[in-house]
Amino acid sequence: MAAERTWTTIESGPPNAWDFLHPVCQKNYGKWKYHERPRPGVLKHVAESGDVLYTVRAGTERQDTATIIRRFCDLADKYADGFLRWTVRNNVEFMTPSWDNVEALIKDLNDLGHPVGGTGPSVSAIAHTQGWLHCDIPATDASGVAKSIMDIVYDEYIVEEMPNRVKLSTSCCEINCGGQADIAVIIQHTRPPRINHDILSGICEMPSTVARCPVAAIRPTTVNGKPSLMVVEEKCICCGACFGACPAMEINHPDYSKLAIWVGGKNSNARTAPANMKLVCHGIPQEPPRWPAVGTLVKRILDAYKDGARDWERMGEWIDRIGWKRFFETTGLKFDTYMIDTYRHARTSFNTSTHVRF
Amino acid sequence: MAAERTWTTIESGPPNAWDFLHPVCQKNYGKWKYHERPRPGVLKHVAESGDVLYTVRAGTERQDTATIIRRFCDLADKYADGFLRWTVRNNVEFMTPSWDNVEALIKDLNDLGHPVGGTGPSVSAIAHTQGWLHCDIPATDASGVAKSIMDIVYDEYIVEEMPNRVKLSTSCCEINCGGQADIAVIIQHTRPPRINHDILSGICEMPSTVARCPVAAIRPTTVNGKPSLMVVEEKCICCGACFGACPAMEINHPDYSKLAIWVGGKNSNARTAPANMKLVCHGIPQEPPRWPAVGTLVKRILDAYKDGARDWERMGEWIDRIGWKRFFETTGLKFDTYMIDTYRHARTSFNTSTHVRF
Amino acid sequence: MADGNEFQLNPTPLLDDLESGPWPSFIKGFKEQFKKTGNTMIRGALDQLNYSYQTKMGYWKGGVVGVHGYGAGIISRYSMVSDLFPEAKEFHTVRIQPAPGLHYSSKSLREICDIWEKYGSGLINCHGQSGNLQLIGIEADKVQAAFDEFNQKGWDLGGAGACVRTAASCVGPARCEMSCYDTLNVHHKMLTYFTDLVHRPALPYKAKFKFSGCPNDCTNAIQRADYAVIGTWKGDIQVDEAEVKAFIDSKGMDYVVNNVVTRCPTNAITMESGSIKINNDDCVRCMHCINVMTKALSPGKERGVSLLCGGKGILKVGNMLGAMMIPFIKVDTEEEQEAFVELIEQILDFWADNALDHERLGEFIERIGMHAFLEGAELDTSIDMVTHPRDNPYFKAGYDHDPLKEISL
Amino acid sequence: MADGNEFQLNPTPLLDDLESGPWPSFIKGFKEQFKKTGNTMIRGALDQLNYSYQTKMGYWKGGVVGVHGYGAGIISRYSMVSDLFPEAKEFHTVRIQPAPGLHYSSKSLREICDIWEKYGSGLINCHGQSGNLQLIGIEADKVQAAFDEFNQKGWDLGGAGACVRTAASCVGPARCEMSCYDTLNVHHKMLTYFTDLVHRPALPYKAKFKFSGCPNDCTNAIQRADYAVIGTWKGDIQVDEAEVKAFIDSKGMDYVVNNVVTRCPTNAITMESGSIKINNDDCVRCMHCINVMTKALSPGKERGVSLLCGGKGILKVGNMLGAMMIPFIKVDTEEEQEAFVELIEQILDFWADNALDHERLGEFIERIGMHAFLEGAELDTSIDMVTHPRDNPYFKAGYDHDPLKEISL
Ligand code: SRM
Ligand code: SRM
Ligand code: SRM
Ligand code: SRM
Ligand code: SF4
Ligand code: SF4
Ligand code: SF4
Ligand code: SF4
Ligand code: SF4
Ligand code: SF4
Ligand code: SF4
Ligand code: SF4
């Protein structure tokens, strides 16, 4: 029994950001003029007032700890007037009007093992998900995959030598909490769920589970006299949606839950409209703790992009120009028939033109 | 009773084209080098051999007669060594190596009432369909609509003053035998079919008719004790597909079968991939014999295109550049909610970007 | 109604309106034809058409009319108002297959006109888009005799109904410098091979072929044909440097940037020190730069065709454009052409054996999925078939398929 | 298993491998935290994680844990192998809503760390993409006390389950010259307004907001939010002619043509006598030219936001990008912001009242059709909602709708 509560909840919602802003941000709020990047990992914003503000960006563990965060707080106090922020890619940022602070801060960050970079045309930190550390449906450990990939692409985080920004993500099930990215690594199940009939009737909201299946492959049945569910194997597309609804629909498998690589996702509206990423490699086996095949392939794709793309071309735009055929050629990946869409709007991905490259 | 047959059919298929080719075409077959357009309606093809061949193109009635065709034959004999051809847009073409023949031929054609033109960036002849003259399911007379439109755009056929080629079509039911075009005029039914129960059971292959409906709106029923069909009005999208399967599904209506205008269809692969045309005006009433509203609107669209497009931009490409909003503004047409797709792949037409014009 | 005078038309006030205006008038033509021949079927048709203009409704209904041994080629039309207009009680159409490219000699056309005036109305559609010479207006009992006479002169019927249809091809090598293969010849080969299927409706539904010599696609093949055969090339665009220079000099660099460089769909053309450079690897053979600079540029030397499958009209699914099925195949020699015809037959047979009634090739592919289609038609998978690989993870690969097998790690 | 020494880790050979390499190692971090605090839950979690690395399977299952009065905000996790690793038997997550833009003072972060070490594991995700500070690892019976202490310091729980979720916003006007509205302020207003729905799962399914200051969309809003609020502008791009000249002089015209002129998605930029001209009418506000020439060009002066609806992940339908719903609305003043919040509520309510269970906004719009959606949510139709009008004729207009009424003929 918990002790008597003495506090009455205040449903305060999100705190207001104002008090957490660096004073130079407050002063020039909404009055910025342009920015430059004096070196990788550092932004220089110039305000209409003439004020200059440097931002230093550094890579983090993402799965952080109080100890790590307190260290960042120390740096913020020392160099950034007590303020810091996280970016949408889990990088930490410190701001200061002083170039001297910038240099000292970079040194401290590096000494603590935090790379400074991720700005401009670099490979920024990977957006990843919970994995075996916390989620209830993961088929891999996104954090481990992410760490392994970042170790490999580290050199591209600390320089700005890519044609344009490169955004990576990894996700630990097909749901893809990690989101669309220039290159993404995601679980791809290859077999229908095995149904755990022993527990199903006890824990399953069967109608919801049936409704969750996008291809109507789940049907009610009776097993050992108890109501249960069955899967029509020919129909099932191994998406795992049912597993989220009911833990008895055991989709995860150490061998049959594989990894797949997707490329060309794009969220910004710069030049081309936002685009979903596309499947370019599947059937990659689970190889903890380092997932070497994934790392090799991601690196290979990055190298090909770096080598072949023009300035400002994002991954997908580069491929649009050179064509998917050349993409597969230069990366050594292999296009196969399963990569042709067969889902609801498949027809809209058919090449209904003679536009073709040889 | 037909007389005894004396002839045994030879299933010859299409005749071979070779014997019907102009001698200069035969000589330089596959060895052409480039072409120019010395004046509207005339092409000059130059062969690797140095040979020159002029082509004179003229507009026809499309619904021709033996008398008209014999007249063309006379001209072919006189100026084109006895050869002539039809283009995919029902224009007639005569070829000759002699410029003198070109000039004389043009004069003769004009005297006979045949405009010379349709080449290069002009408005070529309309592709149209059978209409009330011959088809069994038409809701308008495509030939009449076509003639009315061509009278209005005549001046643009005989010059080359458009930004790029303009292809028109008209069709007399939603099936659209006339095909995709820069501007198309097509029947748009606005009410579900009325079912002629008196004749239905006698003539209808009911299962096929039920299967023909794209939205499963047709159901078997019994009327006056006889098996018949019914239409679920809320579901029906007035497509008329059932009428093609069964004449008792009376979709045609003098008032409720309206005309609609579509723009931006493109078949060539030049620059952009081929594209389906889009609905820009519907609910235009039937007004034989001249369909004045249609003519006015088609002309207005053409004028706006002529005025606003850059060289080489086809209708759809022009609109892609200026945006649909501006298209509706400059043509005075009105975008309405029904023009937003609600059919199978509707989602793929949503604007999933911030790309927008004000 | 006829007023006794054979060569006198009835009043058709609404149609008469269509005699005016600068564009050639089909009503004028019909009247002229009637006045010349006195064929009352024309008068009947005009009367009924005028009635349609009054009531805004059509009055033809179909039936079954054919020629001996064939199941298709005649479109039958019976008037639903023959009590009002008995002269056009029957008004069937004979579809005659013309030569590829719609080339004619005046001699052959005169033959057609003569026979047609003898048995039919004398009214003729010279149809460009879909190919047939449509001879409209004949009575059922004259059809066989008319056909026999056409057939003796070397003409055959075209398609109608659930069969292979009359094809269309562009003028091609006969007169066009863009032409990447012999459209006329391949058209002829293909349709001759499938002649049996043109005449006998033994298919789930219609099957159309169109042949365009290059991606300009002057026959609208992608949109209007189940089988679109379109010329293309491998290798670099041929460049005449002197003509490039002449073009830039005469038009100016602004024009070249704004009309050529910026219009290339894949940015394959870049501006380099005041001239242009084509990066052929990126070129998708759209034809645009060649169209604009016709003297300076031309298609590459290694030529063949692309086959796109499944184009069709709006019915049931919305307009479908053909999808790339065979990106490149050579069709120059007899052997190559035969191999190509066989490939097509493979596709056609798989469709014919498995499609639903009234299901066009495009609908069939969409329903069963491209993967099953390629497997069934025994076609090789190619990345060119799609604009991009799938963007959803919703598939189950074959259990014996190991995607990593062919990738070196 | 613990070997008696509280501060001694068990062997985790597979995880240890992740301590090497240049990128910061979360395993190193976890171990350090354990060594510092001796919190055995960390050791248990590491042990279980190492076991997952061995077996390639996950071992957490959900349950129900919450705080008084709220229905959401805690993600509960129970170990399925607690017999093997009893130290991490319970491993729940507390989701704390940070300030918009993920701005913190060191003081506030220290407070969080202190409280979290007191009640929980000390492990923290500073989550950028989705917003929450995720405090991972706490036992159910400590959750309420931890929350109370956070709440006293001004922190509240974030969303989880079928409710409005914690939002994300870009740095916006605080530091970005592209920002077209006050992302931080509007984010704050919106989430404060919907606080009740954040805490109580009363919706068909989750609803996410993201706020990006301009079309660069640095929060990935279009893809990751049911409600994507993105800054934009009306009128002409602001041009500093001197800086344009400086840019061209320094980069050269080839660079400008190949990197600016040819990259504009609508050919809105043309080359004119050696300089560039922006044809603002054709500009779709993609940001590219502004991004490249950041000193010379900037967004126009009249600023507001676009709202795109229906972005979401892959589940069931494949990834959905948000679709344009309100092309332009001003959100500068209090009144404008309130009107905007009301509009959103209108949409949210219509969805909440009519969607199926587990149906996200995007799926809902697709199922009922845009037309029915606009009608139900009482939104104005705009051509900006689609990339083009429909290309099929398959609709039935309202019987009282006369499309010609508003067209002058
Ligand atoms: C800090 C951050 C926003 C925040 O509130 O956290 C941010 C900040 C800036 N972004 Fe961003 N972007 C940030 C995430 C993003 C994202 C989302 C993401 O990373 O997941 C995107 C969309 C990615 C996508 O399309 O998938 C994004 C797409 C852009 C773009 C468009 C790039 C393109 O051409 O496609 C620009 C414009 C540019 O690059 O010039 C941009 C430009 C900028 C500028 C230059 C804006 C400015 O003038 O200050 C900022 C400095 C960036 C730099 O790194 O050089 N930012 N930017 C985010 C840093 C993430 C990181 O740590 O790596
Ligand atoms: C923690 C987090 C992953 C991470 O480590 O980054 C996460 C974790 C989970 N997500 Fe997620 N999602 C997380 C961001 C996302 C995002 C990205 C975003 O919001 O920016 C998406 C894509 C956008 C979207 O909302 O669709 C996302 C799409 C999903 C989906 C698929 C929803 C869909 O309709 O496609 C599910 C499945 C579901 O809801 O049934 C899901 C479900 C889950 C659940 C609740 C799994 C479950 O059903 O039990 C995970 C709980 C993990 C855990 O134990 O903590 N999560 N999830 C992210 C939340 C952090 C936070 O709230 O601050
Ligand atoms: C004669 C004809 C082929 C035939 O076998 O009958 C033909 C002939 C030529 N076409 Fe075509 N096209 C012909 C129908 C078409 C069609 C189909 C149609 O009209 O229905 C198209 C596709 C239309 C579409 O996209 O919807 C077509 C799209 C083109 C194009 C691409 C135009 C574009 O930019 O989109 C070119 C290239 C050009 O314009 O430079 C072209 C170019 C040509 C050239 C210049 C090729 C050449 O070098 O000889 C020919 C002279 C054309 C002229 O009129 O200036 N032809 N051309 C057809 C004449 C039709 C007519 O009478 O008007
Ligand atoms: C005559 C012609 C219209 C014209 O005057 O131009 C025509 C006329 C008819 N078409 Fe067509 N179609 C004609 C070209 C087309 C084209 C264009 C083409 O082939 O280039 C198309 C679009 C391409 C396609 O095949 O889809 C076309 C798509 C249709 C369709 C829709 C098929 C679909 O799947 O979407 C139907 C309806 C059907 O088959 O059930 C149809 C049906 C018909 C029928 C047979 C109506 C019927 O079901 O009874 C019409 C007979 C009219 C008559 O009495 O002569 N017609 N029809 C064209 C044939 C001339 C010829 O064969 O030489
Ligand atoms: S991607 Fe799947 S497994 Fe990973 S956190 Fe999200 S829901 Fe959980
Ligand atoms: S894995 Fe997906 S397709 Fe298969 S049964 Fe489960 S929900 Fe249905
Ligand atoms: S468009 Fe319709 S009515 Fe006209 S010819 Fe074709 S099928 Fe007949
Ligand atoms: S008109 Fe179309 S939608 Fe309506 S019942 Fe007939 S086939 Fe079905
Ligand atoms: S399709 Fe190509 S080859 Fe054929 S006529 Fe047109 S431009 Fe010439
Ligand atoms: S043919 Fe088309 S794609 Fe190829 S270089 Fe020329 S314009 Fe570009
Ligand atoms: S979305 Fe726009 S305003 Fe916000 S940080 Fe990115 S570039 Fe700046
Ligand atoms: S913002 Fe984009 S669309 Fe507008 S002019 Fe610049 S590049 Fe073109």
Side-chain angles (χ1 to χ4, degrees), chain A residues 2 7 9 11-17 20-21 25 29-30 32-34 45 61 63-70 73 76-77 82-90 113 127 132-134 136 138 143 147 150-151 154 175-176 179-180 214 241 254 267-271 274 276 286 288-289 311, chain D residues 14 17-18 21-24 26 29 33 36 49 52-53 56 58 60-62 97 99-106 109-110 113 117 122-124 126 128-129 136 148 156 173-175 177 184 191-192 195 215-217 219-220 222-224 263 265 286-288 294-295 313-316 319 321:
Chain A
W7 174 255
T9 304
E11 295 204 31
S12 49
N16 198 315
F20 297 154
L21 297 184
C25 292
Y29 199 77
W32 295 97
K33 204 159 168 219
Y34 67 90
H45 281 86
E61 291 79 353
Q63 309 286 26
D64 303 307
T65 64
T67 307
I68 293 168
I69 290 174
R70 285 201 195 92
C73 290
D77 291 342
F83 296 97
L84 70 171
R85 71 178 292 267
W86 262 262
T87 73
V88 300
R89 296 199 88 72
N90 318 313
W132 289 326
L133 178 65
H134 197 271
D136 57 343
S143 315
K147 159 77 174 147
M150 288 314 294
D151 278 344
Y154 182 88
I175 281 175
N176 186 27
Q180 302 289 308
N267 301 287
S268 96
N269 295 275
R271 299 168 304 283
N276 290 332
Q286 286 283 1
D311 282 1
Chain D
L14 289 170
D17 199 74
L18 290 171
W23 189 258
F26 68 107
Q33 181 72 18
K36 200 174 142 258
L49 187 58
S52 283
Y53 272 59
K56 307 186 201 171
W60 300 111
K61 65 176 180 221
Q97 265 195 82
L102 302 174
H103 297 276
Y104 300 95
S105 64
S106 55
L109 270 180
R110 285 186 211 278
C113 292
E117 274 185 352
L123 306 183
I124 303 182
C126 285
Q129 297 277 337
I136 64 172
D148 284 348
D156 200 354
R175 198 198 59 203
E177 76 273 20
L184 308 182
L191 267 281
T192 304
T195 289
N216 280 329
D217 194 4
T219 66
N220 299 328
I222 290 184
Q223 177 233 131
R224 294 164 148 262
R263 303 302 183 85
C286 85
M287 295 295 299
H288 176 71
T294 165
K295 274 191 179 174
I314 282 168
L315 209 62
K316 289 179 290 177
N319 199 69
L321 302 171

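Naming convention: chains lettered A, B, ... in sequence-line order (proteins, then strands); numbering from 1 in each chain. Treat the numbers as computed from the prediction; the structure is a model and nothing was measured.
- You'll find the side chain of A:Asp77 reaches within 4.5 Å of the side chain of D:Arg110, heavy atoms only.
- Ranked by heavy-atom pairs under 4.5 Å with chain A, the first of D:Gln97, D:Met287, D:Lys56, D:Lys61 is D:Lys56.
- Taking D:Ser105, D:Gly58, D:Gly101 one by one and counting their heavy-atom pairs under 4.5 Å with chain A, the maximum is reached by D:Ser105.
- Contact of the D:His103 side chain with the A:Arg85 side chain is registered, since non-hydrogen atoms from C-beta on lie closer than 4.5 Å.
- Remark: side-chain polar atoms of D:Asp148 are not paired, donor with acceptor, to backbone N or O of A:Trp7 under 3.5 angstrom.
- Ranked by heavy-atom pairs under 4.5 Å with chain A, the list D:Cys113, D:Gly122, D:Gly313 is led by D:Cys113.
- A donor-acceptor pair under 3.5 Å is absent between the side-chain atoms of A:Gln180 and the main chain of D:Gln223, judged by distance alone.
- The minimum heavy-atom distance between A:Trp32 and D:Arg175, with the atom names listed, is NE1-CA, 3.4 Å.
- Annotation: maximal heavy-atom pairing with chain A below 4.5 Å, among D:Thr219, D:Leu315, D:Thr195, occurs at D:Thr195.
- The CH2 atom of D:Trp23 lies 3.5 Å from the CE atom of A:Met150; values are rounded to the nearest 0.5 Å.
- Residue with the most contacts toward chain D among A:Lys147, A:Gln286, A:His45: A:Lys147 (heavy-atom pairs, distance under 4.5 Å).
- Here the CD-CD1 distance, from D:Gln33 to A:Ile68, works out to 8.0 Å after rounding to the nearest 0.5 Å.
- Counting only distance, with no hydrogens or angles, the side chain of A:Trp132 and the backbone of D:Trp60 share no donor-acceptor pair below 3.5 Å.
- Comparing D:Pro100, D:Gly29, D:Pro22, D:Pro265 by how many heavy-atom pairs each has under 4.5 Å with chain A, the most go to D:Pro22.
- Interface remark: A:His134 contributes backbone and side-chain atoms alike to the contact with chain D (heavy atom separation under 4.5 Å).
- Of all the listed residues (A:Asn267, A:Leu21, A:Asn176, A:Asp311), the one sharing the greatest number of non-hydrogen pairs under 4.5 Å with chain D is A:Asn267.
- Using a 4.5 Å cut-off between heavy atoms, D:Glu117 touches chain A through its side chain atoms alone.
- In terms of modelled atom types and a separation under 3.5 Å, the side chain of D:Lys36 and the main chain of A:Thr67 share no donor-acceptor contact.
- Checked by atom type and distance alone, the side chain of A:Asn90 pairs as donor or acceptor with a backbone atom of D:Gly128 at under 3.5 Å.
- Nearest heavy atoms, D:Pro24 versus A:Gly113: CG-O, 3.6 Å.
- Note: D:Ile314 CD1 to A:Asn276 CG = 8.0 Å, rounded to the nearest 0.5 Å.
- To the nearest 0.5 Å, atom CG of residue A:Leu133 and atom CD1 of residue D:Ile136 are 4.0 Å apart.
- In this structure, D:Asp17 contributes its side chain and A:Pro289 its backbone to no donor-acceptor pair below 3.5 Å.
- Within the model, atoms OG of A:Ser143 and CG of D:Leu49 stand 7.5 Å from one another, a figure rounded to the nearest 0.5 Å.
- Put simply, of A:Thr87, A:Thr9, A:Ile175, the one with the most heavy-atom pairs under 4.5 Å next to chain D is A:Thr9.
- With a 4.5 angstrom heavy-atom cutoff, D:Arg224 touches chain A only via side-chain atoms.
- Of the residues considered (A:Ala76, A:Gly82, A:Pro138), A:Gly82 shows the highest number of contacts with chain D, using heavy-atom pairs under 4.5 Å.
- Only the side chain of D:Leu321 comes within less than 4.5 Å of a heavy atom of chain A; its backbone N, CA, C and O stay farther away.
- Ranked by heavy-atom pairs under 4.5 Å with chain D, the first of A:Ala17, A:Pro288, A:Pro15 is A:Pro15.
- Top candidate by heavy-atom pairs under 4.5 Å with chain D, chosen from A:Ser268, A:Cys73, A:Gly179, A:Pro274, is A:Cys73.
- Here the CD1-CD1 distance, from A:Ile69 to D:Ile124, works out to 3.5 Å after rounding to the nearest 0.5 Å.
- Contact record, A:Ala127 with D:Gln129: CB-NE2, 3.3 Å, taken as the closest heavy-atom pair.
- Per-residue heavy-atom pair counts under 4.5 Å with chain A were compared for D:Leu184, D:Asn220, D:Asp217, and the maximum is reached by D:Asn220.
- In terms of heavy atoms, A:Ala270 sits closest to D:Asn216 at CB-OD1, 4.1 Å.
- Looking only at side-chain heavy atoms (C-beta outward), A:Glu11 and D:Asp156 come within less than 4.5 Å of each other.
- The parts of D:Leu123 that come within reach of chain A are both its backbone and its side chain, each placing non-hydrogen atoms under 4.5 angstrom from that chain.
- Only the side chain of A:Tyr154 comes within less than 4.5 Å of a heavy atom in chain D; its backbone stays farther off.
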